[in-house]
Amino acid sequence: MAMARKRLVILISGSGSNLQAIIDATRSGSLDADIAGVLSNKAGVLGLQRAEQAGIPTQVLPHHGYASREDYDAALLAAVQQYAPDLVLLAGFMRILTPVFVAPLYGKLLNIHPSLLPKYPGLHTHQRAIDAGDSEAGVTVHFVSAELDAGPIIAQARVPVLPSDTADTLAARVLVQEHRLYPLVARWFCEGRLRCDAQHAWLDNTLLPEHGTSLP
Ligand code: GRF
(Lines give C-alpha, C1' and ligand atoms only; values in the text may rest on other atoms or scores of the structure.)
Protein backbone atom coordinates (compact mmCIF):
# COMPACT_ATOMS: atom_id res chain seq x y z
CA MET A 1 0.00 0.00 0.00
CA ALA A 2 1.35 3.42 -0.90
CA MET A 3 2.13 5.70 2.01
CA ALA A 4 -0.19 8.68 2.45
CA ARG A 5 1.25 11.88 1.08
CA LYS A 6 2.69 14.06 3.78
CA ARG A 7 0.88 17.25 4.66
CA LEU A 8 2.90 20.43 4.94
CA VAL A 9 1.97 23.73 6.54
CA ILE A 10 4.14 26.72 5.67
CA LEU A 11 4.36 29.92 7.72
CA ILE A 12 5.39 33.15 6.04
CA SER A 13 5.51 36.90 6.64
CA GLY A 14 6.71 38.22 3.31
CA SER A 15 7.68 37.54 -0.26
CA GLY A 16 7.53 33.77 0.03
CA SER A 17 10.24 32.88 -2.44
CA ASN A 18 11.08 29.84 -0.32
CA LEU A 19 7.41 28.94 -0.28
CA GLN A 20 7.49 29.17 -4.08
CA ALA A 21 10.47 26.84 -4.24
CA ILE A 22 8.55 24.28 -2.19
CA ILE A 23 5.39 24.73 -4.30
CA ASP A 24 7.50 24.18 -7.42
CA ALA A 25 9.08 21.06 -5.92
CA THR A 26 5.67 19.54 -5.11
CA ARG A 27 4.56 20.25 -8.66
CA SER A 28 7.62 18.86 -10.38
CA GLY A 29 7.35 15.71 -8.28
CA SER A 30 10.73 16.15 -6.59
CA LEU A 31 8.85 16.63 -3.31
CA ASP A 32 6.03 14.13 -2.85
CA ALA A 33 3.84 16.12 -0.46
CA ASP A 34 0.76 18.32 -0.29
CA ILE A 35 0.88 21.85 1.03
CA ALA A 36 -2.25 21.80 3.18
CA GLY A 37 -2.12 25.45 4.14
CA VAL A 38 -0.10 28.65 4.20
CA LEU A 39 -0.35 30.95 7.20
CA SER A 40 0.88 34.52 7.41
CA ASN A 41 0.96 36.96 10.29
CA LYS A 42 0.83 39.76 7.72
CA ALA A 43 -1.98 40.48 5.26
CA GLY A 44 -1.32 41.43 1.65
CA VAL A 45 2.13 39.89 1.29
CA LEU A 46 3.36 38.41 -1.96
CA GLY A 47 3.68 34.96 -0.42
CA LEU A 48 -0.08 34.80 0.10
CA GLN A 49 -0.61 35.56 -3.59
CA ARG A 50 1.80 32.80 -4.53
CA ALA A 51 -0.17 30.33 -2.39
CA GLU A 52 -3.53 31.47 -3.78
CA GLN A 53 -2.24 31.15 -7.33
CA ALA A 54 -1.23 27.60 -6.53
CA GLY A 55 -4.68 26.85 -5.12
CA ILE A 56 -3.42 26.41 -1.57
CA PRO A 57 -5.69 27.46 1.32
CA THR A 58 -4.33 30.53 3.10
CA GLN A 59 -5.00 32.11 6.44
CA VAL A 60 -3.88 35.43 7.89
CA LEU A 61 -3.42 35.52 11.63
CA PRO A 62 -2.29 39.03 12.62
CA HIS A 63 -0.22 39.14 15.79
CA HIS A 64 -1.71 42.40 17.02
CA GLY A 65 -4.21 42.49 19.84
CA TYR A 66 -2.98 39.53 21.85
CA ALA A 67 -2.25 40.03 25.54
CA SER A 68 1.02 38.13 25.28
CA ARG A 69 3.33 36.39 22.86
CA GLU A 70 2.15 33.10 24.38
CA ASP A 71 -1.49 33.93 23.65
CA TYR A 72 -0.66 34.55 20.01
CA ASP A 73 1.38 31.37 19.83
CA ALA A 74 -1.53 29.35 21.23
CA ALA A 75 -3.81 30.77 18.53
CA LEU A 76 -1.19 30.11 15.87
CA LEU A 77 -0.71 26.54 17.08
CA ALA A 78 -4.46 25.92 16.92
CA ALA A 79 -4.58 27.32 13.38
CA VAL A 80 -1.67 25.12 12.29
CA GLN A 81 -3.07 21.99 13.93
CA GLN A 82 -6.33 22.36 11.99
CA TYR A 83 -4.41 21.24 8.92
CA ALA A 84 -3.13 18.12 10.71
CA PRO A 85 0.37 18.66 9.35
CA ASP A 86 3.15 16.10 9.25
CA LEU A 87 5.69 18.89 8.81
CA VAL A 88 5.58 22.63 9.55
CA LEU A 89 8.01 24.90 7.73
CA LEU A 90 8.91 28.41 8.81
CA ALA A 91 9.77 30.24 5.60
CA GLY A 92 10.54 33.84 6.40
CA PHE A 93 8.09 33.88 9.31
CA MET A 94 9.30 36.93 11.17
CA ARG A 95 8.15 36.14 14.68
CA ILE A 96 10.02 34.88 17.69
CA LEU A 97 8.16 31.79 18.83
CA THR A 98 7.67 30.66 22.41
CA PRO A 99 7.59 27.09 23.76
CA VAL A 100 3.78 27.27 23.58
CA PHE A 101 4.14 26.89 19.82
CA VAL A 102 7.47 25.11 19.54
CA ALA A 103 7.21 22.35 22.16
CA PRO A 104 4.13 20.56 20.75
CA LEU A 105 5.65 20.63 17.26
CA TYR A 106 9.21 19.72 18.23
CA GLY A 107 10.66 17.30 15.73
CA LYS A 108 8.37 18.35 12.91
CA LEU A 109 9.07 22.08 12.82
CA LEU A 110 11.80 23.39 10.51
CA ASN A 111 13.27 26.83 9.90
CA ILE A 112 15.50 28.27 7.22
CA HIS A 113 17.95 30.93 8.30
CA PRO A 114 20.21 32.94 5.98
CA SER A 115 23.52 32.42 7.76
CA LEU A 116 25.87 29.61 8.62
CA LEU A 117 24.51 29.03 12.12
CA PRO A 118 25.59 29.23 14.86
CA LYS A 119 26.99 32.40 13.29
CA TYR A 120 24.56 35.33 13.10
CA PRO A 121 21.26 34.30 14.56
CA GLY A 122 18.64 37.04 14.31
CA LEU A 123 18.47 39.80 11.71
CA HIS A 124 20.82 41.50 9.21
CA THR A 125 22.85 38.35 8.71
CA HIS A 126 24.35 39.37 5.37
CA GLN A 127 25.55 42.78 6.52
CA ARG A 128 27.02 41.18 9.60
CA ALA A 129 28.94 38.64 7.50
CA ILE A 130 30.26 41.45 5.28
CA ASP A 131 31.20 43.64 8.26
CA ALA A 132 33.05 40.74 9.86
CA GLY A 133 35.11 40.24 6.69
CA ASP A 134 33.89 36.65 6.29
CA SER A 135 34.98 34.93 3.10
CA GLU A 136 31.89 32.75 3.01
CA ALA A 137 28.25 32.99 3.96
CA GLY A 138 25.33 30.68 3.49
CA VAL A 139 22.09 29.21 4.69
CA THR A 140 21.06 26.76 7.39
CA VAL A 141 18.00 24.54 7.72
CA HIS A 142 17.39 23.32 11.26
CA PHE A 143 14.81 21.80 13.55
CA VAL A 144 13.31 24.57 15.67
CA SER A 145 13.85 24.63 19.40
CA ALA A 146 12.61 27.29 21.80
CA GLU A 147 15.81 29.34 21.46
CA LEU A 148 15.95 31.79 18.52
CA ASP A 149 17.61 30.33 15.43
CA ALA A 150 18.84 27.38 17.43
CA GLY A 151 17.94 23.71 17.40
CA PRO A 152 19.54 20.72 15.69
CA ILE A 153 21.08 21.70 12.37
CA ILE A 154 20.19 19.54 9.38
CA ALA A 155 22.00 21.07 6.45
CA GLN A 156 23.91 24.08 5.23
CA ALA A 157 24.91 25.44 1.84
CA ARG A 158 27.74 27.92 1.41
CA VAL A 159 28.44 30.75 -0.98
CA PRO A 160 31.48 33.00 -1.34
CA VAL A 161 31.38 36.58 -0.08
CA LEU A 162 32.82 38.77 -2.83
CA PRO A 163 34.73 42.00 -2.18
CA SER A 164 32.12 43.94 -4.15
CA ASP A 165 29.18 42.49 -2.18
CA THR A 166 26.46 44.54 -0.58
CA ALA A 167 23.95 42.94 1.76
CA ASP A 168 21.56 42.75 -1.21
CA THR A 169 23.91 41.05 -3.65
CA LEU A 170 24.98 38.57 -0.98
CA ALA A 171 21.35 37.92 0.01
CA ALA A 172 20.51 37.16 -3.63
CA ARG A 173 23.37 34.65 -3.87
CA VAL A 174 22.31 32.98 -0.63
CA LEU A 175 18.65 32.85 -1.72
CA VAL A 176 19.56 30.71 -4.73
CA GLN A 177 20.93 28.16 -2.27
CA GLU A 178 17.92 28.54 0.04
CA HIS A 179 15.68 27.54 -2.83
CA ARG A 180 17.72 24.37 -3.39
CA LEU A 181 18.15 23.45 0.24
CA TYR A 182 14.69 23.82 1.75
CA PRO A 183 12.78 21.60 -0.70
CA LEU A 184 15.54 19.00 -0.43
CA VAL A 185 15.41 18.87 3.36
CA ALA A 186 11.60 18.77 3.24
CA ARG A 187 11.92 15.82 0.89
CA TRP A 188 14.22 13.96 3.29
CA PHE A 189 11.69 14.51 6.05
CA CYS A 190 8.77 13.36 3.92
CA GLU A 191 10.68 10.24 2.93
CA GLY A 192 11.08 9.39 6.61
CA ARG A 193 14.85 9.80 6.46
CA LEU A 194 15.15 12.69 8.88
CA ARG A 195 14.49 13.00 12.60
CA CYS A 196 15.91 14.66 15.66
CA ASP A 197 16.49 14.09 19.35
CA ALA A 198 16.94 16.87 21.90
CA GLN A 199 20.39 17.82 20.60
CA HIS A 200 21.00 16.43 17.15
CA ALA A 201 19.52 15.77 13.77
CA TRP A 202 19.73 12.31 12.23
CA LEU A 203 19.67 11.50 8.53
CA ASP A 204 19.33 7.87 7.40
CA ASN A 205 19.94 6.75 11.00
CA THR A 206 23.25 8.59 11.02
CA LEU A 207 23.96 11.31 13.55
CA LEU A 208 24.63 14.52 11.69
CA PRO A 209 27.55 16.73 12.74
CA GLU A 210 26.98 19.98 14.70
CA HIS A 211 26.71 21.98 11.47
CA GLY A 212 24.57 19.44 9.68
CA THR A 213 25.37 18.01 6.31
CA SER A 214 26.88 20.32 3.68
CA LEU A 215 25.28 20.65 0.30
CA PRO A 216 27.90 20.79 -2.45
C1 GRF B 1 14.89 34.10 3.70
O2 GRF B 1 16.15 34.71 3.56
C3 GRF B 1 14.90 33.15 4.85
O4 GRF B 1 16.11 32.48 5.01
C5 GRF B 1 14.67 34.06 6.01
O6 GRF B 1 13.73 35.00 5.55
C7 GRF B 1 13.84 35.11 4.14
C8 GRF B 1 12.49 34.81 3.56
O9 GRF B 1 12.45 35.02 2.18
N10 GRF B 1 14.25 33.34 7.18
P11 GRF B 1 11.19 34.54 1.34
O12 GRF B 1 9.96 35.17 2.02
O13 GRF B 1 11.16 33.05 1.37
O14 GRF B 1 11.39 35.10 -0.03
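Atoms within a ligand are numbered from 1 in the order they appear, just like the ligands themselves. Index from 1, following the sequence. These numbers come from a predicted model, not from an experiment.
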Give a yes-or-no answer on whether the side chains of [X] and [Y] include a donor-acceptor pair shorter than 3.5 Å.
X: Y120; Y: D134; answer: yes
X: R180; Y: Q177; answer: yes
X: E70; Y: T98; answer: no

Considering E178, H113, R50, which one's heavy-atom position lies nearest to atom 3 (C) of ligand 1? E178
Y72: what forms a ring pair (Phe, Tyr, Trp, His ring centres under 6.0 Å) with it, not counting sequence neighbours?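 Here the qualifying residues are Y66.
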Within-shell test, G16 vs ligand 1, heavy atom, strictly < 4.0 Å: yes
Is the closest heavy-atom distance from I12 to ligand 1 below 4.0 Å?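 Not so, I12 does not reach ligand 1.
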Please list the nearest protein heavy atom to atom 10 (N) of ligand 1 with its residue and the distance rounded to 0.1 Å. I112 O, 3.0 Å
Which residue supplies the protein heavy atom nearest to atom 9 (O) of ligand 1, what is that atom called, and how far is it?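 Nearest protein contact, heavy atoms only, for atom 9 (O) of ligand 1 is N18 ND2, 3.9 Å.
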Acceptor/donor pairs from residues 82-93 side chains to any protein atom, 3.5 angstrom cut, sequence neighbours excluded:
residue: Y83; atom: OH; partner: Q59; partner atom: OE1; Å: 3.0
residue: D86; atom: OD2; partner: R7; partner atom: N; Å: 2.6

Would you please test D149 and L117 for side chain to side chain contact (heavy atoms under 4.5 Å, CB included) and show each step? CA-CA 8 Å; D149 296 325; L117 289 171; 4.1 Å; yes
Going by the atom numbers of ligand 1, which of them fall below 4.0 Å from some non-hydrogen atom of G92? 6 (O), 8 (C), 10 (N)
Numbered atoms of ligand 1 (with element) below 4.0 Å of S17, judged on heavy atoms: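 In order of numbering, the contacting atoms are 11 (P), 12 (O), 13 (O), 14 (O).
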Would you say M94 has any N or O atom under 3.5 Å from an N or O of ligand 1, going by distance alone?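 N/O-N/O distance below 3.5 Å does not exist for this pair.
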Can an N or O of N111 be found at a distance shorter than 3.5 Å from an N or O of ligand 1?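 N/O-N/O distance below 3.5 Å does not exist for this pair.
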Interatomic distance, R173 atom CZ to R158 atom CZ [nearest 0.5 angstrom]: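 Taking CZ in R173 and CZ in R158, the distance rounds to 15.0 Å.
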